[in-house]
Amino acid sequence: MSFSWDWGYTWQILPILGQASIITVEATVLGFMIALVLGLALALARMSGPSWLRWAAIGFIEAIRSTPLLIQIFFAYYVLPQFGVSLSAMLAGVLALGIHYSTYCSEVYRAGLENVPRGQWEASIALNLSPLTTFKDIIIPQAVPPMVPVLGNYLVALFKETPLLSAIAVLELMQTAKILGSESFQYTEPITLVGVFFLAFSLISAALIRRVEYALKTRRSGHP
Amino acid sequence: MNNGHSRLAVVTIVGFAVGMGVLNFTGLRQFVPGLLQGAWVSVQITSGGALLAVVAALTAAIAKVYGPAPIRWLAITYIEIFRGTSALVQLFWLFFVLPQFGITLPPFAVGITALGLNIGAYGAEVIRGAIAAVPRGQWEASRALNLTRMQALRRIILPQAFVAMIPPWGNLFIELLKATALVSLITLPDLAFKAQEMNQSTLKTTQIFTIVLAMYLGISLLITSAMKALDHRVSRGLRQTRTQR
């Protein structure tokens with residue numbers, strides 16, 4: 001079979017894929033919001049909870065990080081209903097994405113907070129600052145800037161995992177491309193377009209993350 | 001992930017299963033052999049993918065750092081494309097689009113190729129970073145000893161970089177194992193595929209998916225321990241200098 005790229009077909013499916021990309025972006029944003037909030041809770045539990053909570057957090061983080069996201073998505077979609085929690089495919093998928101990436105985010109928070117030298121806490125005590133003030137005005141401003149680019153990378157990573165939602169029939173980009181392909185028997189154009197879409201997004205966001213990193217570095221030290 | 005933590009992870013999943021309280025593991029016998037068959041396919045794809053990933057990563061890293069311009073650009077394109085798109089898209093592309101170019105690979109080969117090249121692209125950056133982290137003085141000393149660039153790379157630089165590479169490669173192999181679940185979507189009967197198949201026929205959803213999670217966790221625990229053992233072996237001579245740092 002000789003290969004040719006069908007431009008007519010490409011223009012025809014482009015708007016449909018454009019529509020589907022909205023779902024992809026929605027899933028990314030919602031999933032990442034869950035990841036940020038739950039990740040913070042996990043980091044705090046791991047760093048300053050009572051010891052049983054600390055160990056539970058570590059166990060949870062390691063268990064989630066070493067099992068496949070696809071199985072976790074199936075788990076959210078097929079197993080939760082058995083316990084009376086029926087979620088729509090989209091919600092189950094977003095929840096699984098968010099929980100999966102919360103374990104990565106929690107490690108970022110932890111590394112960021114632990115990287116602030118202990119002397120900063122001691123100096124704050126010497127200056128008679130309350131723990132809350134210390135945390136708010138001394139620790140957070142030093143801990144957050146190095147976290148931003150790393151969290152940005154995980155946002156991109158989460159975005160790249162959204163095609164997995166097609167496995168539970170969420171109508172995001174990949175699922176739409178598969179349906180288009182199976183209707184026309186032309187898989188080349190839709191799947192390649194999805195690849196191009198992800199590549200463009202990843203390259204642009206990588207460039208943005210580099211800029212943010214650079215801006216944060218210059219602001220902090222006065223020179224790059 | 002250290003060993004203590006992995007064991008804790010196993011305890012978590014088992015505790016989670018028991019904690020649900022409603023699990024009825026009777027009749028478990030009927031699906032364990034099928035799941036083990038699936039796990040074996042997952043292990044095969046992980047091993048094949050790992051082999052391809054290491055070769056692809058080494059080639060791409062060396063091409064990117066030491067290659068002449070056209071080869072360097074080729075390596076950069078490979079790395080950016082496979083890091084910039086999703087593993088599932090790559091898998092589908094090889095599965096659905098490659099046949100249009102007249103290349104039809106069996107699903108097993110598609111799985112290993114797509115995942116191996118995907119992880120290889122990340123591995124290339126790991127190797128590049130590890131080579132760059134070897135102190136420049138080592139290159140200069142090699143030149144002083146009249147070694148050629150290739151000799152220096154092969155006998156002085158790479159062995160030192162190798163030690164630094166092992167922990168990140170351990171993480172990448174875990175990523176690879178996790179990514180093998182995707183091959184179920186191109187009809188390969190791996191662990192994830194078997195899980196879905198049995199879920200449809202027995203409807204023992206909770207038990208099946210919990211066992212499957214535990215199986216993946218078990219395999220990743222094996223990978224972690226193997227990499228730890230390897231790290232222990234290759235860093236024998238460095239242990240003293242490491243503690244001095």
Side-chain angles (χ1 to χ4, degrees), chain A residues 1-5 55-75 77-83 100 156-157 159-167 173-174 177-178 181-182 186-192 194-203 205-206, chain B residues 1-2 4-13 15-16 20 22 42 80-81 83-93 95-102 171 174 177-182 184-185 191-192 195-196 199 203 205-206 208-210 212-217 219-221 223-224:
Chain A
M1 184 173 168
S2 74
F3 168 74
S4 65
W5 181 272
W55 289 114
I58 294 175
F60 180 78
I61 291 168
E62 297 298 342
I64 294 286
R65 277 164 60 117
S66 41
T67 52
L69 178 56
L70 183 65
I71 304 288
Q72 290 160 9
I73 290 173
F74 286 152
F75 205 91
Y77 190 56
Y78 295 122
V79 176
L80 287 185
Q82 310 250 321
F83 296 91
H100 192 83
V156 180
F159 173 73
K160 283 190 294 179
E161 301 268 36
T162 54
L164 290 189
L165 300 192
S166 64
L173 264 177
M174 193 71 232
K178 263 175 80 181
S182 64
Q186 284 178 286
Y187 281 101
T188 311
E189 290 83 359
I191 294 182
T192 308
V194 173
V196 169
F197 178 81
F198 276 98
L199 186 60
F201 188 91
S202 302
L203 291 178
S205 30
Chain B
M1 182 162 90
N2 68 38
H5 285 179
S6 339
R7 263 179 223 117
L8 198 68
V10 174
V11 172
T12 304
I13 282 206
F16 170 72
M20 284 174 154
V22 275
S42 298
E80 291 300 328
I81 285 184
R83 273 161 46 111
T85 60
S86 140
L88 185 63
V89 176
Q90 291 153 21
L91 199 65
F92 280 175
W93 203 87
F95 189 66
F96 289 114
V97 179
L98 216 52
Q100 306 241 337
F101 294 90
N171 289 337
I174 306 269
L177 166 72
K178 294 197 296 181
T180 59
L182 303 185
S184 63
L185 303 174
L191 186 49
Q196 272 193 295
N199 179 36
L203 295 177
T205 313
T206 313
I208 292 170
F209 281 110
T210 307
V212 166
L213 282 179
M215 281 182 169
Y216 276 112
L217 198 54
I219 304 171
S220 73
L221 180 64
I223 296 176
T224 314

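Note that these values count all heavy atoms, side chains included, but never hydrogens, waters or copies made by symmetry. Convention: sequence-line order gives letters A, B, ...; per-chain numbering from 1.
Chosen from A:Pro163, A:Gly195, A:Ala206, A:Ser202, the residue pairing most often with chain B at heavy-atom distances under 4.5 Å is A:Pro163.
Contacts of B:Ala195 with chain A are absent, with no heavy-atom separation under 4.5 Å from either backbone or side chain. Only the side chain of A:Leu203 comes within contact range of chain B, judged by heavy atoms closer than 4.5 Å. For B:Gln90, no part lies near chain A; criterion is any non-hydrogen pair under 4.5 Å. For B:Ser184, the part lying near chain A is the side chain, with the backbone staying farther off; criterion is any non-hydrogen pair under 4.5 Å. Heavy atoms of A:Ser166 lying under 4.5 Å from chain B belong exclusively to its side chain. Looking at A:Leu199, the atoms closer than 4.5 Å to chain B (heavy atoms on both sides) sit in the backbone and in the side chain alike. Heavy-atom distances place the backbone of B:Leu203, and not its side chain, under 4.5 Å from chain A.
Taking each heavy atom of B:Lys178 and A:Pro68 in turn, the nearest pair found is O-CB, 3.4 Å. Between A:Leu70 and B:Ala181, the shortest heavy-atom contact is CD2-O, 3.2 Å. Between B:Gly84 and A:Lys160, the shortest heavy-atom distance links the atoms O-CD, 3.6 Å.
A:Phe198 contributes atom CZ, which lies 9.0 Å from atom CG of B:Leu88 (distance to the nearest 0.5 angstrom). Note that the CG atom of B:Leu185 and the NZ atom of A:Lys178 stand 6.0 Å from one another [nearest 0.5 Å]. The structure places OG1 of A:Thr188 at 11.0 Å from CZ of B:Phe96, a figure rounded to the nearest 0.5 Å. Note that the CG atom of B:Leu182 and the CG atom of A:Leu69 stand 8.5 Å from one another [nearest 0.5 Å]. A:Ile191 CD1 to B:Phe95 CZ: the interatomic distance, rounded to the nearest 0.5 Å, is 10.0 Å. Taken to the nearest 0.5 Å, the OG1 atom of B:Thr205 stands 9.5 Å off from the CZ atom of A:Phe83.
Between A:Phe75 and B:Phe209, the ring-plane angle classifies as perpendicular under the 30° and 60° cut-offs.
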